[in-house]
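Because only heavy atoms are used, hydrogens play no part in the values below, and waters and symmetry mates are left out as well, while side chains stay in. Since we're looking at a predicted model, the values are computed, not measured.
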Amino acid sequence: MKVITITPEQQKRLGKLLSLGVPLVVALPIAMAEPEEVLAEVNRANKVLSVPGNILANPAKAKRKASAYSRKYKTAFKQVSGRFKNKNGTWRKGGFKAAVKAAHKKVKK
(Lines give C-alpha, C1' and ligand atoms only; values in the text may rest on other atoms or scores of the structure.)
Protein backbone atom coordinates (compact mmCIF):
# COMPACT_ATOMS: atom_id res chain seq x y z
CA MET A 1 0.00 0.00 0.00
CA LYS A 2 1.32 3.41 -0.98
CA VAL A 3 1.22 6.28 1.54
CA ILE A 4 0.41 9.74 0.20
CA THR A 5 1.40 12.88 2.10
CA ILE A 6 -1.09 15.71 1.89
CA THR A 7 -0.45 19.34 2.79
CA PRO A 8 -2.95 21.18 5.03
CA GLU A 9 -4.18 23.16 2.01
CA GLN A 10 -4.85 19.94 0.09
CA GLN A 11 -6.60 18.50 3.16
CA LYS A 12 -8.93 21.51 3.22
CA ARG A 13 -9.74 21.10 -0.48
CA LEU A 14 -10.32 17.36 -0.03
CA GLY A 15 -12.60 18.00 2.94
CA LYS A 16 -14.66 20.54 0.98
CA LEU A 17 -15.02 18.19 -1.97
CA LEU A 18 -16.03 15.27 0.23
CA SER A 19 -18.57 17.45 2.09
CA LEU A 20 -20.12 18.32 -1.28
CA GLY A 21 -20.65 14.62 -1.94
CA VAL A 22 -17.85 14.14 -4.47
CA PRO A 23 -16.61 10.52 -4.31
CA LEU A 24 -13.12 10.03 -2.86
CA VAL A 25 -11.87 8.50 -6.11
CA VAL A 26 -12.71 11.75 -7.92
CA ALA A 27 -11.99 14.19 -5.07
CA LEU A 28 -8.44 13.02 -4.29
CA PRO A 29 -6.86 13.82 -7.68
CA ILE A 30 -8.64 17.19 -7.72
CA ALA A 31 -7.41 18.04 -4.22
CA MET A 32 -3.85 17.00 -5.07
CA ALA A 33 -3.70 19.14 -8.23
CA GLU A 34 -2.70 22.78 -8.21
CA PRO A 35 -5.64 25.23 -8.09
CA GLU A 36 -4.74 26.67 -11.51
CA GLU A 37 -4.88 23.21 -13.09
CA VAL A 38 -8.27 22.52 -11.51
CA LEU A 39 -9.67 25.85 -12.73
CA ALA A 40 -8.40 25.17 -16.23
CA GLU A 41 -10.13 21.75 -16.26
CA VAL A 42 -13.39 23.22 -14.92
CA ASN A 43 -13.34 25.97 -17.56
CA ARG A 44 -12.71 23.41 -20.30
CA ALA A 45 -15.61 21.26 -19.05
CA ASN A 46 -17.92 24.30 -18.95
CA LYS A 47 -17.03 25.13 -22.56
CA VAL A 48 -17.85 21.58 -23.66
CA LEU A 49 -21.18 21.61 -21.84
CA SER A 50 -22.20 25.02 -23.16
CA VAL A 51 -21.75 24.12 -26.85
CA PRO A 52 -25.15 24.20 -28.61
CA GLY A 53 -26.33 20.79 -29.73
CA ASN A 54 -24.28 19.05 -27.05
CA ILE A 55 -25.93 15.81 -25.96
CA LEU A 56 -24.96 16.28 -22.31
CA ALA A 57 -26.06 19.90 -22.06
CA ASN A 58 -29.66 19.71 -23.25
CA PRO A 59 -31.20 16.28 -23.78
CA ALA A 60 -34.53 17.56 -25.18
CA LYS A 61 -36.79 14.85 -26.45
CA ALA A 62 -38.72 15.47 -29.68
CA LYS A 63 -42.48 15.54 -29.15
CA ARG A 64 -44.76 13.63 -31.48
CA LYS A 65 -47.60 15.44 -33.20
CA ALA A 66 -51.05 14.14 -32.28
CA SER A 67 -52.77 12.40 -35.18
CA ALA A 68 -56.01 13.73 -36.65
CA TYR A 69 -57.91 10.72 -35.31
CA SER A 70 -56.49 11.28 -31.83
CA ARG A 71 -57.64 14.91 -31.83
CA LYS A 72 -61.13 13.96 -33.04
CA TYR A 73 -61.36 11.17 -30.46
CA LYS A 74 -60.37 13.59 -27.70
CA THR A 75 -63.22 15.97 -28.48
CA ALA A 76 -65.71 13.13 -28.96
CA PHE A 77 -64.74 11.57 -25.62
CA LYS A 78 -65.24 14.89 -23.81
CA GLN A 79 -68.68 15.28 -25.39
CA VAL A 80 -69.79 11.71 -24.63
CA SER A 81 -68.26 11.24 -21.17
CA GLY A 82 -70.96 13.23 -19.35
CA ARG A 83 -73.59 10.60 -20.17
CA PHE A 84 -71.56 7.91 -18.37
CA LYS A 85 -70.82 9.80 -15.14
CA ASN A 86 -72.75 10.20 -11.91
CA LYS A 87 -73.99 13.59 -10.69
CA ASN A 88 -70.93 13.96 -8.43
CA GLY A 89 -68.55 13.47 -11.42
CA THR A 90 -67.42 9.90 -10.71
CA TRP A 91 -67.69 7.22 -13.38
CA ARG A 92 -70.69 4.90 -13.32
CA LYS A 93 -70.09 1.16 -13.18
CA GLY A 94 -68.67 0.22 -16.59
CA GLY A 95 -69.06 3.86 -17.63
CA PHE A 96 -65.51 4.55 -18.72
CA LYS A 97 -65.44 1.51 -20.97
CA ALA A 98 -68.79 2.49 -22.46
CA ALA A 99 -67.63 6.10 -22.97
CA VAL A 100 -64.53 4.92 -24.84
CA LYS A 101 -66.67 2.73 -27.08
CA ALA A 102 -69.17 5.51 -27.72
CA ALA A 103 -66.43 8.03 -28.53
CA HIS A 104 -64.81 5.66 -31.04
CA LYS A 105 -68.22 5.09 -32.62
CA LYS A 106 -68.87 8.84 -32.82
CA VAL A 107 -65.50 9.52 -34.49
CA LYS A 108 -66.17 6.72 -37.00
CA LYS A 109 -69.29 8.50 -38.36
Side-chain angles (χ1 to χ4, degrees):
M1 188 170 180
K2 190 174 182 182
V3 178
I4 301 172
T5 55
I6 301 175
T7 64
E9 184 182 321
Q10 291 171 336
Q11 281 182 335
K12 276 185 186 177
R13 276 190 262 156
L14 183 62
K16 284 181 183 178
L17 290 168
L18 292 174
S19 67
L20 291 173
V22 178
L24 180 61
V25 178
V26 176
L28 190 60
I30 295 172
M32 296 297 286
E34 293 299 317
E36 297 82 28
E37 293 173 20
V38 174
L39 286 175
E41 288 295 322
V42 168
N43 288 336
R44 194 159 19 122
N46 284 336
K47 285 178 187 176
V48 169
L49 292 175
S50 66
V51 172
N54 188 343
I55 297 168
L56 299 173
N58 212 359
K61 203 169 189 181
K63 292 186 178 181
R64 293 188 307 145
K65 183 180 174 185
S67 66
Y69 182 84
S70 175
R71 291 192 303 268
K72 289 176 188 174
Y73 171 78
K74 177 182 175 181
T75 56
F77 184 81
K78 284 182 180 179
Q79 292 169 356
V80 171
S81 65
R83 289 188 289 171
F84 301 97
K85 289 186 176 182
N86 295 325
K87 287 183 181 179
N88 65 359
T90 60
W91 289 101
R92 291 184 186 167
K93 185 174 182 181
F96 182 80
K97 186 176 181 180
V100 168
K101 194 170 184 179
H104 280 299
K105 187 175 181 180
K106 186 171 185 174
V107 173
K108 221 176 185 182
K109 285 183 179 181

Shortest non-hydrogen pair, S81 vs A99, comes out as CA-CB, 4.4 Å
Counting only pairs under 3.5 Å, give me each side-chain donor-acceptor contact of residues 10-22, with atom names and distances, residues two or more places apart or in other chains.
from: Q10; atom 1: OE1; to: T7; atom 2: N; distance (Å): 3.1
from: Q10; atom 1: OE1; to: T7; atom 2: OG1; distance (Å): 3.4
from: Q10; atom 1: NE2; to: M32; atom 2: O; distance (Å): 3.4
from: R13; atom 1: NH1; to: A31; atom 2: O; distance (Å): 3.2
from: R13; atom 1: NH1; to: A33; atom 2: O; distance (Å): 2.5
from: R13; atom 1: NH2; to: E9; atom 2: OE2; distance (Å): 3.1
from: S19; atom 1: OG; to: G15; atom 2: O; distance (Å): 3.3
from: S19; atom 1: OG; to: K16; atom 2: O; distance (Å): 2.7

Examine F96 together with F77 and report whether their ring centres are nearer than 6.0 Å.
yes
With sequence neighbours excluded, what pairs up with [X] under the side chain to side chain contact (heavy atoms under 4.5 Å, CB included) test?
X: S67; answer: Y69, S70
X: T5; answer: none
X: K106; answer: A76, Q79, V80

I need the R83 CZ to R92 CZ distance, nearest 0.5 Å.
10.5 Å
Taken to the nearest 0.5 Å, the spacing of N88 CG from N86 CG works out to 5.5 Å
Can you check whether F84 reaches V100 side chain to side chain, under 4.5 Å on heavy atoms?
no
Members sharing V25's hydrophobic cluster (side chains within less than 4.5 Å):
none
Can you name the salt bridge (Lys or Arg N to Asp or Glu O under 4.0 Å) partners of E36, sequence neighbours left out?
none
